[in-house]
Each structure stands twice: as C-alpha cells, then as structure tokens.
Amino acid sequence: MSGLLTVEGGTPLTGEITVRGAKNFVSKAMVASLLGEGPSELANVPVIRDVDVVADLLRLHGVTVDHDRDGGVLHLDPTDVESAHVADIDAYAGSSRIPILFCGPLLHRLGEAFIPDLGGCRIGDRPIDYHLDILRSFGAVVDKRAQGIHISAPRGLVGTKIELPYPSVGATEQTLLTAVRSRGLTELRNAAIEPEIEDLIAVLQKMGAIISVDTDRTIRIEGVERLGGYRHTALADRIEAGSWASAALATHGDVFVRGATQPEMMTFLNTFRKVGGAFDVRDDGIRFWHPGGDLHSIVLETDVHPGFMTDWQQPLVVALTQAKGLSIVHETVYENRFGFTDALRGMGATIQIYRECLGGLPCRFGQRNFYHSAVVSGPTPLRAADIEVPDLRGGFSHLIAALAAQGTSRVRGISIINRGYENFMGKLEALDAKVTMVDSAVAPAV
Ligand code: EPU
C-alpha cells in the first residue's frame, strides 16, 4: 500500500470543509445509467477513486463518461453499451465491489454479465451469496468459472418474490437494478432502507421506474419495458460528514462541514450529543465542536438504517478513547471491524475486544468466534506512532488518532483514503492540521 503522511498531532482541527455527494450512492447511480436509453447527468459528484473506478468500468462497457471534476458533474451516455473483455474487467475492478451491481443492467442490455474477484475493504468475509441468489430468482443462470462468475439470462428476467436474510444494502440495490426492467412485479422483503437507497430509488423513478417502499422494509417494483436517462443531484456523504465530526471531537476542534444534512444524520447527531459533542445545524451544513469539559462514555450498537451506521463506528471510537469511563461498542453489521483498534492500542488507547455480543441487539455474530464487541476505557492520552492504514474507514480513524496524539506520527498506505474522502489533504490543511505528504504515490489499481 503506498503513500506516506507525517502528522504532527495535538492541535485542534478548526475551520470549514465541504462534503459533496455520497460515495455509496454516486457509484450506484452511475451503474443505474446503464439501464437508460438516453444520457444521464449526475451532479454533486466527489473526486474520489471509487468514482474513477466505476467510470472506467462503465467506459469498458461502451458508456461515454465525461467527468467535470471541478464542477462535480458526470455525463453518462449508455447508447453504445457493449460487452467488455474479461481480463479488462478484472484489471479495473479489483479494488471495488461495484461490478456485482452491473449484473442486472448488463443482463437487460446485453443478455450476459461477468463478475471478477471482488475487492473492497477487508472488514469481514463480504460474501456475494445474496446477490447470486437474487439474480437466480429473476431467472438468471449463474456459472462459476476459473476467471470469475459468468451470468446469463437466456429467457430474459422475470419479476419475483425475495426475502433477504439480512437487510443488505448491496442486495437491495441488486434487486432494484434488476427488477426495474424485469417482466412483471417484484416484491422485496426485509430490504435495506438507507438514505442512499432512497436516493437510488429517486433516480430510478426519474428514469421511468415504478417503485414503492413500505414502512415494514418491503419494496415493490413494477417492471417497465424501457427507461430513459436522469438528471439528479447526489445526496451528501453522511459518512464523510460523520468522520470529520469525530475528528473535530477527538482533537478538541471546531469544524463546519458545509453540505452535511440533518435528516440523514439524525442517529449520528444523537450519539454525538450523548458523547458530549456540540453541533449546530444550519441551512448550508452542520458545525461540530468539542465544547470543553469531559466527554461521556456511551453504549453504542451499529445497525442498518435507521440505526447507527457501521461506517461511523471507527472514527467515533477514536473520540471515545477520550471519553471518561467505559464505552461499549457492539458491531452488528460486519463481523471483523475492530482490526483497526490494534494501532490505537499501540498509541496508548485502552480497548479490549470480545467475541460476546455486548449489547441488547440480537446479532448474527454471537457465539461464532468473531471479535465484534469492544470496550473502550478512557480518557487515555494518545501518543504518536508509525501506522499502516488497514482499510478506508479504519484508515481515517488512524488519521484522527494521529491528529489527536502528541508527537509526530507516520501514516503509511494513506492513498487508500482517496477511495472515499475527496481531497482529504486539502481539507486537513484547511483545518490547520500539521500534515506533510512524504510520498504521495497512488496505489495501483489491483
Ligand atoms: N452480506 C452477506 N451476503 C451478501 C451480501 C452481504 O452475507 O451477499 C452481509 C455482509 O457480509 C455484511 C452485511 O451483509 O455482514 C451487510 O452488507 P451490505 O450488503 O449491507 O454491505 P455492502 O452493500 O457490501 C455497503 C457499503 C459499505 C457499508 C455497507 C453497510 C458500498 C459500496 N458499500 O456495502 O460501505 O458499510 O453497505 O452500510 O455501498 C464504506 O463505505 O467504507 C463501506 C464499507
């Protein structure tokens, strides 16, 4: 992993930064454009590596992609969609899990799709069994081959009834992207209802789809014969906003996150307040700051929306090392999302991880040897260290820890942060962080 950053910690982050569209929506809206017969336009698009990866994958499939990086606007024209070479998909896709979502749209457009080995963050097994079961349920034929998985739909795709074992974000998106142009009705039970999914549904509706969402996690889709393009502005990245908020708290700082929106962050804001953080919601963003005094320990469980997002967990845990007392964190979305705490312990944090479910929610990982609960005892001063970034959110947490610590830390593999945090170096500098990029080499696409 490449990129080395030195961080002279111990100074509060203060100032203003802007967040643009959500990584976990933008990439899906880009895939949705494949379903349209006309061009689409997506605004508020951040310049991050995951967007570049999906843009390259779309280009491989014959889509014309024009990205105005400063203006944050993507033009996507899928008129000449075509099959891509297996080796090319493999070369571009290794760092992303998005290719699995190309299946439905490609089956509709071309009658076949290919999925290489999938990348993404190392935060658990991250299987694709739900996705394959869903595609089969629509009538697709799934053929596992040496280079990857070949999927075809010799008799077309037909609407179906699906009940997810768990409200998976990706599986819900898979169903939506496949059902909108399948023949007849599709009913999806136990669906994920994250704001990014609602925004994807809004995009699909603009394209001509008929989709309803019930309060009991049931989504119904009436297939239509054709879809057009869309014009849409992406919702803000609530994970990035929460990450900077946690950074402000852990460093005793004061950060205005322009573009952050309240409705999608309600659960985060409640937790932030319980920990002792202060915030002020404005029309154009949210200001987050440490109001002085002690931070409070809390009991926290991650969950699917409207619960506390798993992606907020890692940055907030760094702030919890500065809270007075014992905090308990139960991770119920991924079985292996506490690996990043090793480095925090090395910096002086007192964090124990447990296999037991330390929380009230029943969780899939209990009694299964997964270290998915943590007890954080604080406050503990953090000291500088040499750190290797493990994954996107864990990496940002390490960055926060280095910013909060006394002394100069060396953070390696920092380029992974570019996957999901736009211009994080520029933002750190805007917040008066004392950071220096020693080696900015970009990690090669794997
Ligand atoms: N799962 C299965 N089988 C499947 C699919 C999922 O068992 O076929 C399990 C996963 O292993 C996990 C749980 O279901 O334990 C939830 O996974 P989900 O499908 O909801 O996650 P995802 O769609 O792969 C997206 C985001 C993640 C975010 C999760 C949860 C994208 C590209 N990724 O992943 O974001 O953590 O939803 O909200 O949208 C990140 O941004 O750093 C990130 C990891």
Side-chain angles (χ1 to χ4, degrees), residues 19 21-32 46 48-51 53-54 57 93 95-103 115 118-137 142 149 162 164-177 188 190-200 217 234-235 237-243 264 267-268 302-315 331-337 339-340 363-366 368 370 372 389-397 416-422:
V19 295
K23 161 178 102 64
N24 291 347
F25 161 76
V26 167
S27 46
K28 325 300 170 59
M30 291 171 75
V31 177
I48 50 174
R49 218 166 112 243
D50 271 20
V51 167
V53 168
V54 183
L57 281 167
S95 57
S96 163
R97 284 174 62 78
I98 299 296
I100 187 93
L101 294 177
F102 276 62
C103 292
I115 320 167
L118 295 176
C121 287
R122 294 178 308 246
I123 49 182
D125 251 0
R126 305 193 77 185
I128 54 168
D129 51 337
Y130 301 168
H131 293 261
L132 298 182
D133 287 349
I134 287 166
L135 290 164
R136 285 194 192 97
S137 156
V142 175
I149 304 171
I162 299 165
L164 293 179
Y166 183 78
S168 148
V169 168
T172 301
E173 292 160 344
Q174 182 73 263
T175 307
L176 287 166
L177 292 166
L188 177 67
N190 203 23
I193 49 163
E194 267 59 8
E196 292 75 16
I197 289 179
E198 278 179 30
D199 218 22
L200 180 63
R217 293 193 177 274
L235 85 169
D237 197 313
R238 62 195 173 117
I239 306 178
E240 185 183 359
S243 303
E264 294 78 18
T267 311
F268 180 86
T302 64
D303 200 1
V304 294
H305 190 75
F308 189 92
M309 288 187 94
T310 170
D311 304 288
W312 286 325
Q313 180 259 105
Q314 289 152 304
E331 168 61 59
T332 75
V333 180
Y334 292 113
E335 69 274 29
N336 184 21
R337 218 172 193 183
F340 76 104
C363 151
R364 297 166 295 152
F365 310 133
R368 291 183 55 204
F370 294 124
H372 70 291
V389 167
D391 60 64
L392 180 60
R393 309 298 170 195
F396 198 86
S397 309
I416 205 168
I417 307 280
N418 290 319
R419 271 193 51 204
Y421 292 89
E422 179 176 42

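No hydrogens, no waters, no symmetry mates; every other heavy atom, side chains included, goes into these values. Just so you know, ligand 1 is whichever comes first in the structure, and atom 1 is the first atom listed for that ligand.
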Q | Mode of Thr310 contact toward ligand 1 - side chain, backbone, both, neither (heavy atoms, under 4.0 Å) | A | side chain

Q: Classify the contact between Asp129 and ligand 1 as side chain, backbone, both or neither, using a heavy-atom distance cut-off of under 4.0 Å.
A: both

Q. Taking distance alone, with no angle check, do Glu173 and ligand 1 share an N/O pair under 3.5 Å?
A. no

Q) Heavy atom of Gln174 under 4.0 Å from ligand 1? A) no

Q | From the candidates Val54, Asn24, Ile100, Asp391, the one that places a heavy atom nearest atom 33 (N) of ligand 1 | A | Asn24

Q.
Would you say that Ile197 contacts Leu176 through its side chain, given a criterion of any heavy-atom pair below 4.5 Å between the two side chains?
A. yes

Q: Report, in ascending order of atom number, the atoms of ligand 1 lying under 4.0 Å from any heavy atom of His131.
A: 8 (O)

Q | Proximal atoms of ligand 1 relative to Ile128 (non-hydrogen, under 4.0 Å) | A | 8 (O)

Q | Backbone or side-chain N or O of Gly170 under 3.5 Å from ligand 1 N or O | A | yes

Q.
What I want to know is whether Glu335 and ligand 1 share at least one N or O pair that is separated by under 3.5 angstrom.
A. no

Q | Minimum heavy-atom distance between Gly394 and Pro390, given as atom pair plus value | A | C-CD, 4.1 Å

(Q) Please report whether ligand 1 has a polar contact with Pro127, defined as an N or O pair separated by less than 3.5 Å (distance criterion only). (A) yes

Q) If you measure every N/O of Val333 against every N/O of ligand 1, is any gap under 3.5 Å? A) yes

Q | Sub-3.5 Å N/O-N/O distance, Ser27 and ligand 1 | A | no

Q. Can you tell me if His305 has a non-hydrogen atom under 4.0 Å from ligand 1?
A. no

**Q.** Atoms in ligand 1 flagged as close to Lys23, the criterion being non-hydrogen separation under 4.0 Å
**A.** 40 (C), 41 (O)

Q. Hey, is Glu196 one of the residues with a heavy atom under 4.0 angstrom from ligand 1?
A. no

Q.
Tell me whether the rings of Phe370 and Phe365 are parallel (<30°), tilted (30 to 60°) or perpendicular (>60°).
A. perpendicular

Q) Do Thr302 and Trp312 have side chains that get closer than 4.5 Å, going by heavy atoms? A) no

Q) Could Glu264 and Arg238 be called an ion pair, given the rule that one side-chain N must be under 4.0 Å from one carboxylate O? A) no

Q: Give a yes or no answer on whether the side chain of Arg364 reaches the backbone of Val333 with a donor-acceptor pair at less than 3.5 Å.
A: yes

Q | Side-chain donor or acceptor of Thr267 paired with backbone N/O of Pro306 under 3.5 Å | A | yes

Q) Is there any N or O on Tyr334 that sits under 3.5 Å from an N or O of ligand 1? A) yes

Q) Is the shortest N/O to N/O distance between Tyr166 and ligand 1 below 3.5 Å? A) no

Q. Side chain, backbone, both or neither: which part of Arg393 has a heavy atom under 4.0 Å from ligand 1?
A. side chain

Q.
Tell me if a side-chain donor or acceptor on Thr172 pairs with a main-chain N or O of Ala192 at a distance below 3.5 Å.
A. yes

Q | Ion pair Asp50/Arg97, N-O distance below 4.0 Å | A | no

Q.
Can a donor-acceptor pair be found, under 3.5 Å and without considering hydrogens, that links the side chain of Asp311 to the backbone of Ile239?
A. no

Q: Answer side chain, backbone, both or neither: which part of Arg337 comes under 4.0 Å from ligand 1, heavy atoms only.
A: side chain

(Q) Is the shortest side-chain heavy-atom distance between Val304 and Glu194 below 4.5 Å? (A) yes

Q.
Treating Gln174 as the side-chain partner and Leu135 as the backbone partner, does any N or O pair qualify as donor plus acceptor under 3.5 Å?
A. no

Q | side-chain hydrogen bond (donor to acceptor under 3.5 Å, both in side chains) partner of Gln314, chosen from Glu331, Arg393, Arg337 | A | Arg337

Q.
So for Met309, does at least one of its heavy atoms come nearer than 4.0 angstrom to any atom of ligand 1?
A. no

Q) N/O to N/O below 3.5 Å, does that happen between Val169 and ligand 1? A) yes

